[in-house]
Chemist: 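Got a structure here, written out as structure tokens. Questions coming.
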Amino acid sequence: MREIRLLVATAWRADRRLTLALIAEPFGNTLVLMSGLWLAMLTNGLLQHDTRQVVTGVAALVLGAGLGWQLDLSASQWRMVLGEKVAHAFDTEIARLCAELPTLDHFERAEHQDHLELLRQRQGQLGNSMSALAVTVKAVCAGLTVLVLLVVAHPAMLALVLLALPALLITKAQQRWRTTAEDASALASRTARHLRTVAQDRDAAVEVRLFGLADDLERRIGTLWTAQRRPIEHAERKVALASLAQQVLYVAGVVAAVGFVLHQALQGRSAPGDVVLAIYLSQQVQTAVIWPVQAVAGFGRTLHTVRRFRWLQDHARSASGTLPAPREILGGITLENVSFRYPGTQKWVLRNVDLTIPAGRALAVVGANGAGKTTLVKLLTRMYEPTEGRITVDGVDIADLDVHAWRHRLAAAFQDFARFEFTVQHAVGVGDLPHLDDPAHVRDAITRAGADVLAQDAQLGTAWGGTDLSTGQWQRLALARGLARTTPLVRFFDEPTASLDAFTEDALFDSMTRATDCAHGMITVLVTHRFSTVRSADLIVVLAHGGVAELGSHQELLAQGGHYARLYRSQADAFAD
Amino acid sequence: MKSLLWQAGRGRFVLFCVLAVLQGLAPAAAIAASGVLVAGLPDDPEQATLGLALFGAALLTGTVLSAVLDHEAAVLDGGFARIVHETVAHAALRTDVAHLVADRTTRELGALAEFERVDGFVGTASALKELLRQRATGTGAAVVLATFAWWAPIVMFLGWRGLSFGVRKWLDHGMTLGAQQGETALRRARYLRGLAVDSPAAKEIRVFGLAGWLVPLYRDAYLNALEVVWQGRKLGMRTVFAATGGVLAAHLVVLTAIAQSTTSPAEIVVYAQAVLTTSALGYVFGAEIPLARARKVAELARSIARSLAPAPPEPRTAADSIRLTNVHFGYAGTPVLKGLDLEVPKGQSLAIVGENGAGKSTLVHLLAGIHRPDSGEITMPGRVSAIVQRFTRFELSLRDNIAFGGEGAEQALERAGGLGLLEDLPHGWATVLSSSHPRGRDLSGGQWQKVALARALRAVDAGAEVLVMDEPSANLDVLAEEELFARFSELAGETTTILVSHRLASVKHADRIIVIADGRVAEDGTHAELMALQGKYAAMYSVQAERFAEAGHA
């Protein structure tokens with residue numbers, strides 16, 4: 001019931017007039033269903049030479065046909081428009097929920113991906129849900145009309161309804177088979193879609209051609225498609241067989257019912273018109289009794305999708321503290337015995353990490369690939385919550401802070417940065433939304449990042465008539481975005497210079513160190529492989545095997561002669577002639 | 001569209017159509033049988049019983065056919081969608097990259113994606129079945145009606161076709177508007193939605209709190225696009241109202257004639273039912289809309305396949321060196337390379353350096369044969385392998401990500417220094433490299449880079465003469481980088497290697513270094529020569545070296 005309320009409420013918000021029209025439509029439709037009655041009236045009128053009955057019968061038949069058509073047509077137009085509006089309303093909501101999910105869990109967990117994939121596939125169904133509801137109401141009204149007419153023909157014909165009852169059970173089973181099949185094909189469907197996207201992707205095109213992958217990818221796309229369809233076709237076969245059994249039973253009932261009224265008429269106990277009505281009805285009953293059942297079942301499928309949607313709603317609502325973010329950091333950020341492993345996996349990425357980053361300092365994080373450096377950033381930005389332990393800022397667990405308020409006081413540039421195909425102004429301005437349209441503010445960030453690649457009002461992305469940038473240029477814009485907020489509590493640089501040339505990199509290190517001089521006790525966290533950058537940090541942490549291997553300043557670590565010193569010397573030696 | 005269904009399974013498709021027509025005739029048979037039945041009233045039980053038996057047989061046939069057809073439709077539906085996907089993928093995988101990024105292709109792929117989003121291309125055969133069934137039913141009814149008067153079915157037919165014409169015009173109008181919007185405004189809306197929902201931008205969306213800004217942007221872009229369609233549909237509705245009048249008139253004429261000229265109830269029953277059943281000759285909503293969409297989809301798929309002509313085979317030159325002569329290249333009128341000359345003898349290791357945006361990656365794409373020069377000439381000594389900057393993260397197993405169903409994944413990964421990442425993978429070589437897969441696991445940036453490197457090294461093992469590496473160590477840690485360049489120098493001698501990198505400490509060991517600036521080769525020589533030149537290279541090198549030098553003194 002909550003699902004139906006959600007549907008109607010969404011439709012109502014999308015377009016009130018159309019929602020009302022669709023709710024009213026089934027009642028208009030009953031007139032069309034009464035054709036059998038008019039047909040009987042016409043027959044009896046002719047037999048009894050009663051002109052009035054004949055004229056009424058013909059007139060009603062004509063009107064019914066015309067009106068039925070116009071109504072069908074208008075209603076389908078209403079359904080289409082309302083369908084598009086409702087689909088879009090749901091879609092916007094899905095997009096909003098996905099974008100607002102506080103963590104990145106849903107990108108990592110297969111079962112969540114399955115849910116989202118099915119939601120994506122069934123979006124059209126959500127759009128048509130309002131018309132599915134209307135069709136259900138219409139079908140039920142039609143069914144009731146036919147029931148009344150059955151009583152008019154002969155009350156005993158009501159027995160036909162009993163034969164429709166097995167259909168209820170069977171439709172329910174059929175619905176279950178279809179859902180199971182859908183779930184079973186979700187994974188293949190997702191992978192197939194990924195590969196089809198790859199086939200059209202301009203970046204992937206390079207490797208596809210260099211390595212001659214066309215045949216292999218095409219074969220995989222075909223195989224996955226078959227794998228995706230197999231459970232569905234199997235389910236459809238079962239569905240068809242079950243329907244057949246039930247319908248054969250039903251047809252037998254229809255023949256018996258018509259036979260019964262015929263017998264009555266032959267005995268003179270019924271008017272010939274009743275036989276006509278019975279014949280006409282018997283064919284309608286077939287649809288009019290099963291239709292509501294199927295419509296309800298079909299609507300059940302829609303409700304299933306709505307339930308998936310509600311799962312997303314609940315999922316988005318879950319968790320997150322309520323405390324406001326601190327105005328400044330006085331003491332520092334402390335990781336207390338923090339351990340983390342990705343949801344659904346066994347391997348610890350970080351294990352029992354204890355670490356304090358003092359306020360106003362710059363921390364450099366180094367370590368081999370896969371040592372957990374990026375994970376540390378993800379935990380501090382609350383893309384994930386620690387599996388064990390806690391992270392505190394001035395003694396307050398960051399999990400107790402409102403996640404949006406906390407992030408509002410962060411800034412970041414990531415190695416896998418986004419390519420926002422907006423104007424340069426907006427591509428950088430999104431880094432500080434309140435100043436999105438403030439040219440001077442954005443100019444400042446661009447200058448500090450050395451991202452002066454294009455005019456600020458230039459459009460990015462060839463698809464929109466703009467310019468495409470090289471990887472290094474995109475990275476500079478990402479950096480500018482990371483520098484756009486002027487008073488964050490923590491600023492993250494996750495491999496910020498991987499694709500930058502020597503001059504830009506050099507200029508950038510200075511601006512990163514300068515940024516650290518800010519008030520508010522701002523902390524800079526720098527993840528990098530380049531030891532020339534690391535040296536200028538106040539504190540360096542070397543991660544290895546998910547834990548803190550070494551910790552100290554550049555000088556201290558060099559003096560220790562450990563892992564860090566070895567790595568640093570090897571890079572420095574590379575420059576020594 | 002029919003030809004695509006035909007491709008999906010010939011025999012199956014023919015049988016399917018025949019059965020659909022037969023199923024459609026079942027109601028007409030039932031009407032005729034009911035005539036036989038009523039003719040037996042009020043006092044011919046034998047005739048009535050025969051009618052009843054025929055009536056039952058007609059219904060039963062319809063029922064059985066319906067079940068068979070439902071199943072067949074599901075199979076054919078899958079076949080149709082498969083052919084659409086395969087047609088597009090086949091063409092996209094083999095065409096010139098220039099075609100793939102052409103405006104028209106982007107637009108058509110966008111329109112196709114919009115259709116796919118609604119119904120996933122399935123539903124075509126079910127719709128066709130419904131249409132055939134209805135048409136057969138209508139034809140059957142028309143034949144029955146013709147026994148009353150030859151002109152009666154014609155009048156009904158004209159009435160319904162008039163209406164059908166009106167409706168079709170109205171819908172086509174809406175559909176054309178929809179397709180136009182799909183190609184332009186909706187594409188932007190989809191892009192915005194992708195930003196909000198998909199993973200590449202997910203972290204920044206969250207840190208910068210962009211959901212509340214981005215989603216309304218998407219909503220408005222979409223609604224603005226559809227508003228045009230809705231307005232257009234409303235206008236077209238007038239033709240339909242006029243046509244409905246025609247249908248009413250046809251009913252009135254034929255029904256009145258029947259009421260006036262027949263006397264037996266059997267005839268009334270049969271003829272009046274037949275008149276009502278001719279509606280099956282009109283516009284069949286459940287079928288014609290999906291079919292119109294399917295036609296459009298088939299048209300798009302074919303048009304895409306046509307414009308994505310297969311790339312011509314590379315001219316195989318037996319040159320023993322890489323030679324670029326006066327090469328010009330630009331994107332959309334902006335020149336990037338302006339008369340570049342370069343010769344690389346076989347077996348040399350060459351490093352290319354330059355500032356961001358100088359055209360290094362463009363040069364890599366030209367060497368790899370992905371782009372063709374606007375003017376000038378390029379000859380290559382043989383096949384090229386490359387590790388590109390924006391390599392693809394296939395949601396496939398580790399083994400397939402390197403060897404794509406072929407051999408040699410192990411050696412390649414070992415040479416790329418990536419065997420260690422197997423420790424992280426729960427199912428070893430079979431682990432799917434995607435966290436959204438139940439048996440999968442995503443890799444870190446550096447781990448992915450090793451996979452991409454292994455991919456390129458495997459192609460070298462398979463006989464590529466030239467190995468191009470565009471920033472192969474951007475995400476690698478120090479040790480991995482050192483290992484990489486050690487292996488890189490092992491390759492020198494047999495394979496021509498070209499390295500693009502900003503890490504000048506690794507570049508300096510190359511046989512030869514060139515600096516690209518202003519679309520040409522600005523400096524050319526060994527590390528020592530370029531340092532002595534005191535030019536751009538020397539300046540870049542010093543900037544990086546100083547950072548370590550300072551540390552040494554501190």
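None of these values were measured; they are calculated from a predicted model. Keep in mind that the numbers below use all heavy atoms, side chains included, and drop hydrogens, waters and symmetry copies. Order of the sequence lines fixes the chain letters, A, B, ..., with proteins taken first and strands second; residue numbering starts at 1 for each chain.
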Chemist: Does the B:Lys360 side chain pair with the main chain of B:Glu355, one donor and one acceptor, at a distance under 3.5 Å?
Modeler: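 A pair under 3.5 Å: yes.
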
Chemist: Check whether B:Leu214 gets within reach of chain A through its side chain, its backbone, both or neither, counting any heavy atom under 4.5 Å.
Modeler: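 B:Leu214 touches chain A through side-chain heavy atoms alone.
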
Chemist: So, taking the atom named CG in B:Leu195 and the one named CZ in A:Phe420, what distance separates them when rounded to the nearest 0.5 Å?
Modeler: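 Going from the CG atom of B:Leu195 to the CZ atom of A:Phe420 covers 6.0 Å.
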
Chemist: Answer with side chain, backbone, both or neither: which region of B:Val167 has an atom nearer than 4.5 Å to a non-hydrogen atom of chain A?
Modeler: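 Contact with chain A involves the side chain of B:Val167 alone.
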
Chemist: I need the A:Asp91 CG to A:Glu84 CD distance, nearest 0.5 Å.
Modeler: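 A:Asp91 atom CG to A:Glu84 atom CD measures 12.5 Å (nearest 0.5 Å).
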
Chemist: Spell out, as yes or no, whether a donor-acceptor pair under 3.5 Å connects the side chain of B:Arg219 to the backbone of B:Val215.
Modeler: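 No, because the side chain of B:Arg219 does not come within donor-acceptor range (under 3.5 Å) of the backbone of B:Val215.
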
Chemist: Identify which part of B:Ala539 has an atom lying under 4.5 Å from any heavy atom of chain A, answering side chain, backbone, both or neither.
Modeler: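 It is both, since atoms from each part get that close.
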
Chemist: Sort B:Val388 into side chain, backbone, both or neither according to what part of it lies under 4.5 angstrom from a heavy atom of chain A.
Modeler: side chain

Chemist: Between A:Leu436 and chain B, which part of the residue has a heavy atom less than 4.5 Å away: side chain, backbone, both or neither?
Modeler: side chain

Chemist: If I compare all heavy atoms of B:Arg441 with all of B:Asp424, which pair ends up nearest, and what's the gap?
Modeler: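 For B:Arg441 and B:Asp424, the tightest heavy-atom pair comes out as NH1-O, 3.0 Å.
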
Chemist: Checking heavy atoms, do the side chain of A:Val58, its backbone, both or neither come under 4.5 Å from chain B?
Modeler: both

Chemist: At a 4.5 Å cut-off on heavy atoms, which part of A:Glu233 comes close to chain B: side chain, backbone, both, or neither?
Modeler: both

Chemist: Please flag which part of A:Glu207 lies under 4.5 Å from any non-hydrogen atom of chain B: side chain, backbone, both or neither.
Modeler: side chain

Chemist: Is B:Arg458 in contact with chain A via its backbone, its side chain, both, or neither, using a 4.5 Å heavy-atom distance?
Modeler: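 Answer is neither: B:Arg458 stays 4.5 Å or more from chain A.
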
Chemist: Please walk me through it: do A:Arg219 and A:Asp215 pass salt bridge (Lys or Arg N to Asp or Glu O under 4.0 Å)?
Modeler: CA-CA 6 Å; A:Arg219 191 178 47 74; A:Asp215 290 332; over 6 Å; no

Chemist: Sort A:Val198 into side chain, backbone, both or neither according to what part of it lies under 4.5 angstrom from a heavy atom of chain B.
Modeler: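 Contact with chain B involves the side chain of A:Val198 alone.
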
Chemist: If you round to the nearest 0.5 Å, how far is CD of B:Glu471 from OG of A:Ser470?
Modeler: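 That separation rounds to 10.0 Å.
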
Chemist: What part of B:Gln389 gets within 4.5 angstrom of chain A, counting heavy atoms only: side chain, backbone, both, or neither?
Modeler: side chain

Chemist: Heavy-atom pairs under 4.5 Å with chain B - which of A:Leu217, A:Val54, A:Thr381, A:Thr374 has more of them than the others?
Modeler: A:Leu217

Chemist: Checking B:Leu163 against chain A: side chain, backbone, both or neither under 4.5 Å from a heavy atom?
Modeler: side chain

Chemist: Determine, stepwise, if the pair A:His408 / B:Phe208 fulfils ring-ring contact (aromatic ring centres under 6.0 Å, His included).
Modeler: CA-CA 7 Å; A:His408 192 69; B:Phe208 298 127; over 10 Å; no

Chemist: Mind listing the closest non-hydrogen atom pair of B:Ala211 and B:Pro216 along with its distance?
Modeler: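 Smallest interatomic distance, heavy atoms only, reads O-CD, 3.9 Å.
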
Chemist: Considering only heavy atoms and a distance below 4.5 Å, find which of B:His71, B:Arg94, B:Glu204, B:Arg390 pairs most often with chain A.
Modeler: B:Arg390

Chemist: Is B:Leu100 close to chain A through its backbone or its side chain, or both, or neither, when contacts mean heavy atoms under 4.5 Å?
Modeler: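 Just its side chain gets close to chain A.
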
Chemist: Ignoring hydrogens and geometry, is there a side-chain-to-backbone donor-acceptor pair from B:Arg206 to B:Ala202 under 3.5 Å?
Modeler: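 Here the side-chain-to-backbone pair exists.
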
Chemist: Roughly how far, to the nearest 0.5 Å, is the CG atom of B:Leu443 from the CD atom of B:Gln447?
Modeler: 5.0 Å

Chemist: Under 4.5 Å from any heavy atom of chain A, what part of B:Leu276 do you find: side chain, backbone, both or neither?
Modeler: side chain

Chemist: For chain A, which of B:Thr334, B:Leu421, B:Val97, B:Ile370 has the most heavy-atom pairs under 4.5 Å?
Modeler: B:Ile370

Chemist: Given a strict heavy-atom distance threshold of 4.5 Å, which part of A:Leu567 is in contact with chain B: side chain, backbone, both, or neither?
Modeler: both

Chemist: I need the A:Leu187 CG to B:His437 NE2 distance, nearest 0.5 Å.
Modeler: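 Reported to 0.5 Å precision, the distance equals 4.0 Å.
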
Chemist: For each of A:Leu433, A:Thr467, A:Leu469, tally heavy-atom pairs with chain B at distances under 4.5 Å, and name the one with the top tally.
Modeler: A:Leu433

Chemist: At a heavy-atom separation under 4.5 Å, does A:Ile221 approach chain B through its side chain, its backbone, both, or neither?
Modeler: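 The side chain, not the backbone.
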
Chemist: Could you look at B:Val64 and say if it's the side chain, the backbone, both or neither that has a heavy atom under 4.5 Å from chain A?
Modeler: both

Chemist: Measure A:Arg229 against the heavy atoms of chain B and call it side chain, backbone, both or neither at under 4.5 Å.
Modeler: side chain

Chemist: Would you mind checking which part of B:Val247 comes under 4.5 Å of any heavy atom in chain A, side chain (CB onward), backbone (N, CA, C, O), both or neither?
Modeler: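 Looking at B:Val247, nothing touches chain A.
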
Chemist: With a 4.5 angstrom heavy-atom cut-off, is it the side chain or the backbone of B:Arg455 that approaches chain A, or both, or neither?
Modeler: both

Chemist: Answer with side chain, backbone, both or neither: which region of B:Ala358 has an atom nearer than 4.5 Å to a non-hydrogen atom of chain A?
Modeler: neither

Chemist: What closest approach, in Å, do B:Ala259 and A:Leu42 show between heavy atoms, and which atom pair accounts for it?
Modeler: CB-CD1, 4.4 Å

Chemist: With chain A as the partner, which of B:Leu52, B:Asp442, B:Ile205 has the greatest number of non-hydrogen pairs under 4.5 Å?
Modeler: B:Leu52

Chemist: Among the options A:Phe417, A:Phe414, A:Trp464, A:Tyr342, pick out the one with the most heavy-atom pairs lying under 4.5 Å from chain B.
Modeler: A:Trp464

Chemist: Sort A:Val248 into side chain, backbone, both or neither according to what part of it lies under 4.5 angstrom from a heavy atom of chain B.
Modeler: both

Chemist: Under a 4.5 Å heavy-atom cut-off, does chain B meet the side chain of A:Val206, its backbone, both or neither?
Modeler: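 For A:Val206, the contact with chain B is made by backbone and side chain together.
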
Chemist: Whether the side chain of A:Gln475 engages the backbone of A:Gln415 through a donor-acceptor N/O pair (distance < 3.5 Å, no angle test) should be reported.
Modeler: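 It does not hold such a pair.
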
Chemist: Could you tell me which of B:Ala74, B:Gly56, B:Ala201 has the largest number of non-hydrogen atom pairs under 4.5 Å with chain A?
Modeler: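 Option with the top pair count is B:Ala74.
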
Chemist: Measuring heavy-atom distances to chain A, does B:Val353 have an atom under 4.5 Å in its side chain, in its backbone, in both, or in neither?
Modeler: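 The answer is neither part of B:Val353.
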
